Participant: 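Sharing a structure, written as structure tokens. Questions coming.
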Amino acid sequence: MTPKEVLALCRENDVKAVDFRFMDFPGLWQHFTIPVSHLSEDTFEDGLGFDGSSIRGWQAINESDMLVVPQPDTAFVDPFTQLPTLVLICNIQDPITREDYSRDPRNVCRKAANYLKSTGIADTCFIGPEAEFFVFDDVRFDQRPQHGFYYIDSVEGEWNRGRDEGPNLGYKLRHKEGYFPVPPADSLMDLRNEMMQTMIECGLNVEAQHHEVSTAGQCEIDMRFNEMVKMADDLLIYKYVIKNVAKRNNRTATFMPKPVFSDNGSGMHTHFSFWKDNEPLFAGSGYAGLSETALHAIGGLLKHAAAVLAFTNPTTNSYKRLVPGYEAPVNLAYSQRNRSASCRIPMYSPSPKAKRVEFRCPDPTCNPYLAFAAITMAAIDGIQNKIDPGQPLDKDIYDLPPEEAAAVPKTPGSLDEALDALAADHEFLLRGDVFTKDVIETWIEYKRKNEADAIRLRPHPYEFCLYYDI
């Protein structure tokens, strides 16, 4: 879509306002709105100014002026606003130099896509994320110097079997049996359909929706794969739709990986493949029908996985999901069927075009621009340096002898460990100026200070159960 076509779209839909959106450094969408009369073709070239010092992880107060530059091919009509509103996703630039801003996550992803082309390895990285989420009927939480708690509830939760619901009809999902049940046990069918249809109206290519494993409102809606920058854009629309459809139905949705203790958490299994001249590069005659290029890509991802997880699993809560026993991909190995391996090769279709690698570690709290870029850069390094991924892990990891299981590398056990890995291993991310030193250092500093240390320094409610009477 061109700027002229965007203006025509505004007239056709009687748009009254235009919303400019961009991603902050940690991974939340930000926005501001103008009357549609102030949108012109020049806006797409000149951009609009805003205060970059008020955005998390961005500018200092003495260099705060920045520009949002709307991208016409991202336009869609917001399905939630009372006033007809058009949304445009923006790039961020310095108003003086007009250079793209290094800490703009979308810029990092765009640079990764361009770097892939410049290597000659491929011209496209296709990404297909499977973002899971929870829908709850009630959530309350607080943290003060003298108290802290959280409370979540779902009408589906097995803990509500004995609750007086006037009447309680008994359709509660048993522990870890939430995968694919039909209504009435699946109470969220209509809600997910509403989410799915709203996504389609926003231009997303939705393939399927279903209930997930957890007893309490866990869901998944799948989108068809797309080019990496476009897919990151789409994932932000996806999360926006899910949260707002839930809210208008008096429910709440969260992408926290592990909001429910002792049940499955929410991941974002991320499928990726490289293509060149409209031909898939990951199909071949090797293990699981993979090419040598694909095996080397896996080798790079496994080698750098601990550092990559600082972006794909960027919260302290992420590592409460990455524990053995819940299909969690904690083993840094690859397999064509073993879901406890971090890299899986799906075998659903014999078509070479369907051949891809599924990286199972990521979760949906990630900033998708940074996560997809980091995955791509690790795969490129593997291909360039012909990194051997080792032997596949086709056995049940939980049945292996202890000494054999211990030899399989594991994912980091905490956000701090992942940040340590990133600090020690990030040269592969700096190539092509995709990630800059400033981006790496700011990410590590922000995550340590605002998240890892913030959790480490606070008493945990369960510590009172363990230690109060000692």
Side-chain angles (χ1 to χ4, degrees), residues 26-27 132 150 214 255-270 298 300-335 338-344 358-367 370-371 374-375 378 389-390 393 396-426 429 440 443-463 465-467:
E132 298 168 340
Y150 71 89
S214 175
F255 291 88
M256 277 183 67
K258 194 75 169 183
V260 181
F261 172 63
S262 78
D263 211 339
N264 285 46
S266 290
M268 191 181 77
H269 305 153
T270 300
I298 293 172
L301 188 52
L302 293 177
K303 176 183 177 180
H304 299 296
V308 169
L309 260 64
F311 292 108
T312 61
N313 302 73
T315 70
T316 59
N317 189 252
S318 298
Y319 298 88
K320 291 178 171 61
R321 165 182 168 256
L322 291 179
V323 294
Y326 299 94
E327 276 193 10
V330 296
N331 302 293
L332 295 178
Y334 69 104
S335 173
N338 191 342
R339 279 175 159 79
S340 66
S342 59
C343 290
R344 192 176 75 92
E358 176 190 11
F359 186 39
R360 293 176 59 80
C361 293
D363 68 57
T365 58
C366 71
N367 183 326
L370 301 180
I375 292 169
L393 180 66
D396 185 342
I397 187 70
Y398 305 117
D399 286 341
L400 291 179
E403 62 276 8
E404 192 174 344
V408 180
K410 301 293 190 291
T411 55
S414 68
L415 178 58
D416 264 324
E417 288 183 29
L419 294 173
D420 288 342
L422 178 60
D425 176 27
H426 58 256
L429 296 170
I440 300 294
W443 184 263
I444 292 173
E445 179 185 9
Y446 182 92
K447 285 288 174 178
R448 284 205 199 281
K449 178 181 178 181
N450 295 286
E451 298 179 34
D453 285 353
I455 294 297
R456 180 175 59 84
L457 295 172
R458 283 170 168 79
H460 188 284
Y462 195 61
E463 289 178 315
C465 299
L466 293 173
Y467 310 127

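This chain uses plain numbering: 1 for the first residue, then up along the sequence. Since the structure is predicted, the reported quantities are computational estimates derived from the model, not experimental observations.
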Participant: State, with a plain yes or no, whether a side-chain heavy atom of Thr365 is found less than 4.5 Å away from one of Pro314.
Facilitator: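 Heavy-atom side-chain distance check passes, below 4.5 Å.
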Participant: Using every non-hydrogen atom in the two residues, find where Val330 and Val323 come nearest and quote the distance to one decimal.
Facilitator: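 Closest pair (atom of Val330, atom of Val323, distance): CG1-N, 3.7 Å.
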Participant: Restricting to side-chain contact (heavy atoms from CB on, under 4.5 Å), what partner residues turn up for Glu403, sequence neighbours left out?
Facilitator: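 side-chain contact (heavy atoms from CB on, under 4.5 Å) list for Glu403, sorted by chain: Pro401.
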Participant: So which atom in Ala371 and which in Cys366 form the shortest heavy-atom distance, rounded to 0.1 Å?
Facilitator: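 Closest approach of Ala371 to Cys366: CB-SG, 3.7 Å.
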Participant: Any idea which heavy atoms bring Arg321 and Arg360 closest together, and the distance?
Facilitator: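 Heavy atoms only, the tightest pair is NH2-O, 3.0 Å.
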Participant: Roughly how far, to the nearest 0.5 Å, is the OH atom of Tyr467 from the OH atom of Tyr462?
Facilitator: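 That separation rounds to 9.0 Å.
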Participant: Testing the basics here: between Arg458 and Glu463, what is the closest heavy-atom pair and its distance to 0.1 Å?
Facilitator: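 What the structure gives for the nearest pair is O-OE1, 4.4 Å.
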Participant: Do side-chain atoms of Ser266 reach the backbone of Phe255 as a donor and acceptor pair under 3.5 angstrom?
Facilitator: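 No; judged by distance alone, with no hydrogens or angles, the pair does not exist.
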Participant: Short question: side chain of Arg448, backbone of Leu415 - any donor-acceptor pair under 3.5 Å?
Facilitator: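 Not at all, since once roles are kept as given, no pair shorter than 3.5 Å links the two residues.
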Participant: Atom CD in Glu417, atom CG in Leu422: separation rounded to 0.5 Å?
Facilitator: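 Here the interatomic distance stands at 14.0 Å.
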Participant: Looking only at heavy atoms, what is the nearest atom pair of Ala452 and Thr316, with distance?
Facilitator: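 Looks like CA-CG2, 4.0 Å.
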Participant: Walk me through whether Lys320 and Thr315 qualify under side-chain contact (heavy atoms from CB on, under 4.5 Å).
Facilitator: CA-CA 10 Å; Lys320 291 178 171 61; Thr315 70; over 6 Å; no
Participant: Rounded to the nearest 0.5 Å, what separates atom CD1 in Ile298 from atom CZ in Phe359?
Facilitator: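 Taking CD1 in Ile298 and CZ in Phe359, the distance rounds to 11.0 Å.
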Participant: Keeping Ser342 on the side-chain end and Asn331 on the backbone end, is there a donor-acceptor pair under 3.5 Å?
Facilitator: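 At least one qualifying donor-acceptor pair exists.
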Participant: Not counting sequence neighbours, which residues clear side-chain hydrogen bond (donor to acceptor under 3.5 Å, both in side chains) with Ser214? List them please.
Facilitator: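 Residues passing side-chain hydrogen bond (donor to acceptor under 3.5 Å, both in side chains) with Ser214: Asp263.
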Participant: Not counting sequence neighbours, which residues clear ring-ring contact (aromatic ring centres under 6.0 Å, His included) with Phe311? List them please.
Facilitator: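 Testing Phe311 for ring-ring contact (aromatic ring centres under 6.0 Å, His included), a comparison that skips the adjacent residues, returns Phe435, Trp443.
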Participant: Write down the atom of Pro257, the atom of Ser318, and the distance for their closest heavy-atom approach.
Facilitator: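 Taking every non-hydrogen atom into account, CG-CA, 3.8 Å.
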Participant: Hey, what do you get for NZ (Lys303) to CG (Leu332), rounding to the nearest 0.5 Å?
Facilitator: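 So the gap between those two atoms works out to 14.0 Å.
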Participant: Residues in side-chain contact (heavy atoms from CB on, under 4.5 Å) with Ala378, at least two apart?
Facilitator: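 Ala378 satisfies side-chain contact (heavy atoms from CB on, under 4.5 Å) with Leu301, His304, Val308, Phe428 once adjacent residues are dropped.
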Participant: Would you say Glu132 and Asn264 make side-chain contact, with heavy atoms under 4.5 Å?
Facilitator: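 No - every pair of side-chain heavy atoms lies 4.5 Å or more apart.
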Participant: With rounding to the nearest 0.5 angstrom, report the OG1 to CG distance, Thr411 to Leu309.
Facilitator: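 Spacing of OG1 (Thr411) from CG (Leu309) equals 6.5 Å.
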Participant: Say whether, by atom type as modelled, one donor and one acceptor occur between the side chain of Asn313 and the main chain of Cys361 under 3.5 angstrom.
Facilitator: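 Pair found, side chain donor or acceptor close to backbone of Cys361.
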Participant: Considering residues at least two apart in sequence or located in another chain, which fulfil the salt bridge (charged side-chain N to carboxylate O under 4.0 Å, His left out) criterion with Asp425?
Facilitator: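 Scan of Asp425 (salt bridge (charged side-chain N to carboxylate O under 4.0 Å, His left out), adjacent residues dropped) gives none.
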Participant: Name all residues meeting the side-chain contact (heavy atoms from CB on, under 4.5 Å) criterion together with Tyr446; count only those two or more places apart in sequence or in a different chain, and write none if there are none.
Facilitator: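 Applying side-chain contact (heavy atoms from CB on, under 4.5 Å) to Tyr446 gives Pro26, Arg56, Asn450, Glu451.
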Participant: Within this structure, what is the OG1-CG distance for the pair Thr312 and Asn367, rounded to the nearest 0.5 Å?
Facilitator: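 The OG1 atom of Thr312 sits 11.5 Å away from the CG atom of Asn367.
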Participant: Apply side-chain contact (heavy atoms from CB on, under 4.5 Å) to Ile440 and Leu429, showing your working.
Facilitator: CA-CA 9 Å; Ile440 300 294; Leu429 296 170; 3.9 Å; yes
